[in-house]
There are 2 protein chains.
Amino acid sequence: MKNNLVPNTGHEFRSRCSIARALELIGDKWTLLIVRDLMWHNKHTFQAMQNSVERIPTNILSQRLKKLMDWGLVRREPYQERPLRYHYLLTDNGQSLEPVLSQIMGWGHEHLEGGLHPPGVSKNSDTRLV
Amino acid sequence: MKNNLVPNTGHEFRSRCSIARALELIGDKWTLLIVRDLMWHNKHTFQAMQNSVERIPTNILSQRLKKLMDWGLVRREPYQERPLRYHYLLTDNGQSLEPVLSQIMGWGHEHLEGGLHPPGVSKNSDTRLV
DNA sequence: ATAGCAACTTGCATTTTTAAAGTTACATAT
DNA sequence: ATATGTAACTTTAAAAATGCAAGTTGCTAT
């Protein structure tokens, strides 16, 4: 069963390759971290995501959320009025990125673990994945 | 069994999150396309990769290959001398990205298929994945 | 009235990407 | 010997994206 995403803006893909297409959406340093926060870290507000350890700049967070909503991977809804506050949620399409995220996490864990401040130090001191 | 990659340049990761780390390496629009070409398309020369449908700019290709070699995912060796010509190959670490690539491909295929020139046209005319 | 907070937006400097042209080293055809 | 061609890059300049700090809006609490 196909569930094609076509953004409201008429985006033109650069090729028919599914990988190339996917990378036009998630091929950057931040987008999948937002998805991670929504999927696994219970961070659903702008504020909460902004406070994640990677310190995404607010304008980038704003842009990426917009893009993800345009593509139907994320939706938002008010969780209170007066004052109006939104929380962001993954749509079913967004949730479907779980295996992708898992693979990337697994690969990073296997190959990139250790090496924080400075590289090579504290290699086996912590096995947290996310 | 861990096989940590630490590039010869002392790179500092922005967090301990495996996803965030992986994205510092492969979180862009081009890197995984190079890996795709090496892994599945039998494109091993600079020229061959440059000629892929997505038309990667040569300076980006050059930079990315350098980065991938620095991180030990790709190596190159001369396949002839006079004139000296190189071909690029995935290392075992590079090969280990296969499941990641497969997941991304699968996701793109499920969610981003169809919609080329212009979006929405020729939806079911071709089912090639890569 | 003043201060504070969440959710953004704006302005601007820096960095990265892109497209095009140029370079180097060698090979082959005339 | 000279001219043309090719692979693998590098350089340059313009365009786009990113990152940082500060500002805005709408509302609440004191």
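Predicted, not measured: the structure shown is a model, and the values here were computed from it. So that the names make sense, note that chain A is the first sequence line, chain B the second, and so on, each numbered from 1. Atom set for the values below is all heavy atoms of this structure, side chains included, hydrogens, waters and symmetry mates excluded.
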Open item on the list: Let me spell it out: for each of A:N59 and A:H87, pick the nucleotide of DNA chain C with the closest heavy atom. Which residue's pick is nearer the 5' end?
Closed with: A:H87
- [ ] Identify whether any heavy atom of A:I60 sits under 4.0 Å from a base atom; if not, whether one sits that close to sugar-phosphate; answer base, sugar-phosphate or nothing.
- [x] sugar-phosphate
TODO: Could you please name the option among D:dG19, D:dT11, D:dA8 that lies closest to any side-chain atom of B:R85?
DONE: D:dA8
Task: Ionic contact status for B:E24 with B:R14, cut-off 4.0 Å - done: yes
Task: Pair A:R64 + A:D28: basic N to acidic O under 4.0 Å - done: yes
- [ ] Without swapping roles, check the side chain of B:R21 against the backbone of A:G108 for a donor-acceptor pair under 3.5 Å.
- [x] no
Open item on the list: If I compare all heavy atoms of B:Y86 with all of B:Y79, which pair ends up nearest, and what's the gap?
Closed with: O-CE2, 3.1 Å
TODO: Using a cut-off of strictly less than 4.0 Å, decide whether A:W30 has a side-chain nitrogen or oxygen near OP1 or OP2 of D:dG19.
DONE: yes
Open item on the list: Quick check for you: among D:dT11, D:dT18, D:dA8, whose closest atom lies nearest to any side-chain atom of A:Q63?
Closed with: D:dT18
Task: Min side-chain heavy-atom separation B:H111-A:N93 under 4.5 Å - done: yes
Task: B:F46, nearest nucleotide to its side chain (from D:dC20, D:dA8, D:dC27) - done: D:dA8
Open item on the list: Does this structure show an ion pair linking B:E77 with B:R85, if we count only N-O contacts that are shorter than 4.0 Å?
Closed with: no
TODO: Tell me whether the OP1 or OP2 atom of D:dT10 has a side-chain N or O from B:S62 closer than 4.0 Å.
DONE: yes
Open item on the list: Just to be sure I understand the rule, does B:D28 reach a base, reach only the sugar-phosphate, or reach nothing, if contact means heavy atoms closer than 4.0 Å?
Closed with: nothing
TODO: Go through DNA chain C in 5' to 3' direction and return only the first and the last nucleotide with some atom under 4.0 Å of chain A's heavy atoms.
DONE: C:dC5 to C:dG11
Task: Touch class at under 4.0 angstrom, heavy-atom based, for B:R55 against every strand present - done: nothing
Open item on the list: Just N and O in the side chain of B:K66: are any of them under 4.0 Å from OP1 or OP2 of D:dA8?
Closed with: no
Open item on the list: Taking 4.0 Å as the cut-off, does a side-chain nitrogen or oxygen of A:Y86 come that near to OP1 or OP2 on D:dG26?
Closed with: no
- [ ] Check whether any side-chain heavy atom of B:I19 sits under 4.5 Å from a side-chain heavy atom of A:W40, and report yes or no.
- [x] yes
- [ ] Among D:dA7, D:dC20, D:dC9, find the nucleotide with the atom closest to the side chain of B:Y79.
- [x] D:dA7
Task: Side-chain donor/acceptor of B:T58 to base of D:dT10, under 3.5 Å - done: yes
